[in-house]
S.K.: 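Have a look at this one.
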Protein chains: 2
Amino acid sequence: MPLSTAAQPAAPPLKLSAWLPYRLFIVAAQIARPLEIFYGERFGLSQAGWRILATIAERTGASASEIGRACALDPFAVSRGIGQLVELGFARRTTAKADRRFASVTITPKGQQAFGEIATLGRAIEARLLASLSGDERSRIDAAVDKLEGESARIEQGGWRSLLERATS
Amino acid sequence: MPLSTAAQPAAPPLKLSAWLPYRLFIVAAQIARPLEIFYGERFGLSQAGWRILATIAERTGASASEIGRACALDPFAVSRGIGQLVELGFARRTTAKADRRFASVTITPKGQQAFGEIATLGRAIEARLLASLSGDERSRIDAAVDKLEGESARIEQGGWRSLLERATS
DNA sequence: CATAATGCTTGCGTTATGCAAGTATATGAC
DNA sequence: GTCATATACTTGCATAACGCAAGCATTATG
């Protein structure tokens, strides 16, 4: 047993290319790129715009806060994204009848058309990704990403302070 | 059998929350957040700055283009990131003796110290993530992410045009 | 009915990104 | 040598994204 001056068990040096968060980030960024370029130059959509479009394609008439929850955007980004969609003629913004503080964002036919085009590319990207995996790996990845979604949400929620607390729990 | 007007096999509507690229993006973003906040407010580092610091911590004396390759940054971002590290006293920039067009970026003790602090948090984050998975899942995720890295790189390389080509190979 | 809370929007300063152009060095043709 | 070209990196600037304070309209509360 090494007479340790510090109690740390010789932390490995964190090689970026082997560090899971970095690797996931790279994969996500590389995948997202072609789609962003496509909807950017084809429709002048921002990332927020695309996400909101996808959200209201699935659930038209959603309020801004529902949209924000559904696609992980803060209220500012949602408001601006909706504005963009309205300008492009992809969405209409009205107020909900029940509670007039809430917006009601509905997709237009033109918006559905655009969504359809982008979704085609999106499905192609996903298909290419899944094609590189075996059927077995696909279901496992699915389950693992489920867990990672949950755990990463908790990590973000806790913030860095709770991550550096050594003695607790 | 539905008399289909179009020959398409009824594409599923692309639900954002079930679409693998989006899910990976969310995981990556949620994980990255606490670390970014940490090195941002603790050292005034940008994301590029952090990545470059991690790169030269591993391979001090690297050139700008080597750094760019190692951490997926374009030359502009690398140059500015190095500038930031130099300003913070985390790195020194000299020219390589062999070919004076190449930079040689070395990490300083202060930079190593900062890197150590950030790496501690980085390891904690990775540990939390891995703790949510079984040992079996970890190795499978590792292998799957390997494949996804490769395939997503090819996808990005090809661009959206090659993804929408239906008839070809 | 005054106060507070909620949902959303706008304005504005800061920061990041993308790209043209520039500098410095090295290489190859003649 | 020296002139054109290529390479490695840097800088400047225009544009876009982000973060947040403050605002408006509407509804809930005491």
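Letters A, B, ... are given to chains in the order of the sequence lines, protein chains preceding strands, and every chain is numbered from 1.
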S.K.: Output yes when A/E151 and A/R154 qualify as a salt bridge under the 4.0 Å nitrogen-oxygen rule, no when they do not.
M.R.: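 Answer for the salt bridge query: yes.
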S.K.: Tell me, please, which residues at least two apart from A/E156 pass side-chain contact (heavy atoms from CB on, under 4.5 Å).
M.R.: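 For A/E156 the side-chain contact (heavy atoms from CB on, under 4.5 Å) partners, ignoring immediate neighbours, are B/Q30, B/R33.
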S.K.: Which parts of nucleotides 7-21 of chain D does protein reach within less than 4.0 Å, heavy atoms only, written one letter per nucleotide 5' to 3' as B for base, S for sugar-phosphate only and - for none?
M.R.: BSSBBBB---S-BBB
S.K.: Pair up each side-chain donor or acceptor in residues 75-88 of chain A with any protein partner under 3.5 Å, not counting sequence neighbours, and list the distances.
M.R.:
| residue | atom | partner | partner atom | Å |
| --- | --- | --- | --- | --- |
| A/Q84 | OE1 | A/S46 | N | 3.1 |
| A/Q84 | OE1 | A/S46 | OG | 3.0 |
| A/Q84 | NE2 | A/G44 | O | 3.4 |

S.K.: Could you state the atom-to-atom distance from CG of A/L85 to P of C/dT9 in whole Å?
M.R.: 12 Å
S.K.: First locate atom NZ of B/K147, then atom CD1 of A/I141, and finally report the distance between them rounded to the nearest 0.5 Å.
M.R.: 10.0 Å
S.K.: Are B/L163 and A/F38 close enough that some pair of their side-chain heavy atoms sits under 4.5 Å apart?
M.R.: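 B/L163 vs A/F38: side chains apart.
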S.K.: Rounded to whole angstrom units, what separation is found between the CD atom of B/E41 and the C1' atom of C/dT14?
M.R.: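 In whole Å, C/dT14 C1' and B/E41 CD are 17 Å from each other.
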